[in-house]
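Take a look at the structure set out below.
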Amino acid sequence: RVENSDSRGALIVLEGLDRSGKSSQSNRLLSYLDSLGHAAELWRFPDRTTSVGQMISAYLSNKSQLDDHTIHLLFSANRWEKRSLMENQLKKGTTLIVDRYSYSGVAFSSAKGLDVEWCKAPEVGLLAPDLVVYLDIPPEKAAERGGYGGERYEQLEFQRQVAQYYQALRDSSWKGTLLHSLDVFLCKPVSQMTMAPQLKSSAFLRSFWFL
Ligand code: FDM
Ligand code: MG
């Protein structure tokens, strides 16, 4: 195991619609980094294990109703409550692969009609990723994949809206509001590959690894 005591780990975020393949790709990336001897952990947001996360989970499974702004702030709070742990892990040299982050927060809430800038505000000050991989799958294709699980946002028409807001976030206007720079890479639909091609190349990995 490479412990990288003098360099921090990388913060790698996977984003995309529901059923876009984030979990599969995160796991593949984790195995890949493991095989290279890098210390890496897989995280996800929402983290449903905390008390904030349980409120989010109840909302998503339609067991509770919340105002759109309220649930937005809970998603953000769920990232804030993990911020210092995240920072500690990164400083220790552990790379974090994170399944959903602030981009989900903004894309999903904006798709409901909330103001985009209002949605971004509570994210400012969270750790900015070194790399954001967006799994670009057509909403129709995602919907075909074994069906959705029945959670609140798992509806084709809504996912179409979310996809548009994700596209808008690729614009660099969000750069600089977080701690480090943000790069958004578009990947081919995951159905056509085993791993994002950028992540396969160790030269590419080195380009963001030890910052
Ligand atoms: N989601 C996720 C949001 O609306 N805001 C957020 O900040 C995050 C992290 O929650 F539909 C939405 C996206 C998805 C739902 O996510 C649950 P998972 O990845 O399916 O558990
Ligand atoms: Mg889901």
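Order of appearance sets the numbers: ligands from 1, and atoms from 1 within every ligand. Nothing fancy with the numbering, it's 1 onward along the sequence. Hydrogens, waters and symmetry mates play no part in the numbers below; they use all other heavy atoms, side chains included.
A donor atom on one side chain and an acceptor atom on the other are not found under 3.5 Å apart for Thr94 and Glu41. At a cut-off of 3.5 Å, with distance as the only test, a side-chain donor of Tyr166 or Ser104 sits close to an acceptor on the other residue.
A donor-acceptor pair is defined here as one N or O able to donate and one able to accept, closer than 3.5 Å; no such pair exists between the side chain of Gln164 and the backbone of Gln161. Gln159 contributes a side-chain N or O that, together with a main-chain N or O of Tyr153, makes up a donor-acceptor pair within less than 3.5 Å.
The side-chain heavy atoms of Leu85 and Trp43, taken from C-beta on, include a pair separated by under 4.5 Å. Taking the side chain as every heavy atom from C-beta outward, Arg100 and Leu14 never approach each other to under 4.5 Å.
Within a 6.0 Å radius of CE in Met55, other residues, nucleotides and ligands contribute 12 heavy atoms or fewer.
Protein nitrogen, oxygen and sulfur atoms, that is N, O or S, within less than 2.8 Å of the Mg ion (ligand 2) amount to 1.
Classification of the Tyr101-Tyr103 ring pair by plane angle, with boundaries at 30° and 60°, yields tilted.
Judged by the 6.0 Å distance and 45° axis criteria, Arg152 is positioned over the aromatic ring of Tyr59.
Listed as neighbours of ligand 1 are Asp18, Arg44, Phe45, Pro46, Arg48, Leu60, Phe75, Arg79, Arg100, Ser104, Gly105, Phe108, Tyr153, each bearing a heavy atom under 4.0 Å from the ligand.
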